[in-house]
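First comes the structure, then the notes that go with it.
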Amino acid sequence: MFKTEIYVERRKRLRELVKSGLALFLGNDEVAMNYPANTYPYFRQDSTFLYFFGLDQPGLAAVMDFATGKEFIFGNDIDIEDIVWMGPQPTIKELAEKVGIRETAPFSKLAEFLDEAKAKGRKIHYLPPYRGEHIVKIETLIGVPPSKVKKGVSEELVKGVVALRSVKNPEEIEEIEKAMEITDSMHLKAMEAAKPGMFEREIVGLEKGIAISMGGYLSFPIIFTVHGETLHNHCYGNILKEGQIVINDAGGESSMHYAGDMTRTFPVGKKFTTKQKEIYSIVLETQLNAISAVKPGIMYKEVHMLAAKTVTKGLKDLGLMKGDVDEAVAHGAHALFFPHGLGHMMGLDVHDMENLGEDYVGYDETVSRSDQFGLAYLRLAKALKPGFVFTVEPGIYFIPELIDQWKKDKKLEQFINYDKVEGYREFGGIRIEDDVLVTEDGHRVLGKYVPKKIEDVEAVRGR
Ligand code: GLY
Ligand code: MN
């Protein structure tokens, strides 16, 4: 937990952004796996609740009254029977004091408390719920039926929370660096341990074990696959074979739930083939160019477009694409190979604040989301500010189904050498990802260097 003053200050700043009404913040509950007492092994608190109230326990809610400045934590103290099974726990009052809140009450008082506010015609702000039980709670506590919950979300509160959570303070950067220590160790271990003949899941198990043994957890389900052309591939059943390449997209979460997110691609054998090296070099050049462009004020969409051009130029040099690079990118031809965005914000969530609405996080009045295939998936487009932390993760993939569809439709054939592309159907995919902080005068890549230059990757694979 951070020091008390940090939480007090964050809430003070939120009060400057949202001027009236009350806000209800629902903490998360344990999630039952197959019966209530057998929960999923990892309790994950809601990230906005953690940001403003710091308490990492289930069964809590908080209220901020923007008119009076009063703040409340609602939750139940445990009784002697709970102590028998769970051991002693601090009281709600003791917990609340740690984050500078004096007013507490049992959870059962929350509905009554909110009823009184409603009776006075006061607005109750809430954030978009992403768990079913929160939708039920919003109905029982505020009387908004499930079908109307989405419409009732407070845009004012969402914007206030996004404005604050987007800019990471030094304490948060330190936490992200801790997540990076875990992430770096996971990646290095995977790069060292993967051998032909192993199942993908053997490496996934090692990585997860490292995250837990270092006091953290995973920030998202690991993607470790020889079928990297499937962007979010969560199957781990393939056997690694000499000649293949494997994508490892994995991140640790610090004990305070800040995320890391990194991707490395390496050969299953000791060396990349020439064909793999050629594509890998384009992705690496794209990533390094994009990172170099990061500075305050630049639109991330501009950095994404730079990446798209580097990919296109590289593929043109290899004979897979043709025509004018700028024109090809303007038409979205590169998206056959690079069909996703360059990156996303990262913080308490690996896709930071995605539950609040991607467009509030990554877009603003100066830039709206494109509907072009590929560019439409860009999660962060707006101008960068010091304190933003996000990923830079270009990739090149050969997705047989997508190639077949585009080829059949003769899509953008003035920019794509479909005959040559056929020779890459079995290639898979390559992605390289790091996490970057925008500083006052440029940027800093977070975490330590995990091999990504071809010779460094091959040196680890050859050990
Ligand atoms: N690391 C997975 C993703 O960014 O979607
Ligand atoms: Mn990512």
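Just so you know, ligand 1 is whichever comes first in the structure, and atom 1 is the first atom listed for that ligand.
Using a 4.0 Å cut-off between charged side-chain N and carboxylate O, R264 and D456 make no salt bridge. Classification of E175 and K178 as a salt-bridged pair holds, one side-chain N sitting under 4.0 Å from a carboxylate O. For E354 and R379, the salt-bridge test passes: some basic side-chain N is under 4.0 Å from an acidic carboxylate O. Taking 4.0 Å as the cut-off between side-chain N and carboxylate O, D364 and K159 do not count as a salt-bridged pair.
Distances below 4.0 Å separate heavy atoms of F220 from the following atoms of ligand 1: 1 (N), 2 (C). Shown in contact with D261 at under 4.0 Å from a heavy atom are these atoms of ligand 1, numbered in order with element: 1 (N), 4 (O). Atoms of ligand 1 lying under 4.0 Å from at least one heavy atom of E393, given by number and element, are 4 (O).
Note: no N/O pair closer than 3.5 Å links R379 and ligand 1 by distance alone.
Under 2.8 Å from the Mn ion (ligand 2) lies no N/O/S atom of H351, from backbone or side chain alike. Residue contact annotation: D261 places an N/O/S atom under 2.8 Å from the Mn ion (ligand 2).
Ring centroid separation for the pair F52 and Y7 does not come in under the 6.0 Å cut-off.
Considering only non-hydrogen protein atoms, atom 3 (C) of ligand 1 sits nearest to H351 NE2, 3.1 Å. In terms of protein heavy-atom proximity, atom 2 (C) of ligand 1 is closest to D249 OD2, 3.4 Å.
For atom 5 (O) of ligand 1, the nearest non-hydrogen atom from the set H340, E433, H344, H232 comes from H232.
Among the candidates L315, L336, L320, the single residue satisfying the side chain to side chain contact (heavy atoms under 4.5 Å, CB included) test with I416 is L336.
Around the Mn ion (ligand 2), the two atoms OE2 of E433 and OE2 of E393 are separated by an angle of 80°, to 10 degrees.
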What verdict does the side chain to side chain donor-acceptor pair (under 3.5 Å) test give for T310 and E285, after you've listed the backbone C-alpha separation in whole Å, the side-chain angles of each residue and the deciding distance to 0.1 Å?
CA-CA 8 Å; T310 320; E285 187 193 353; 6.0 Å; no
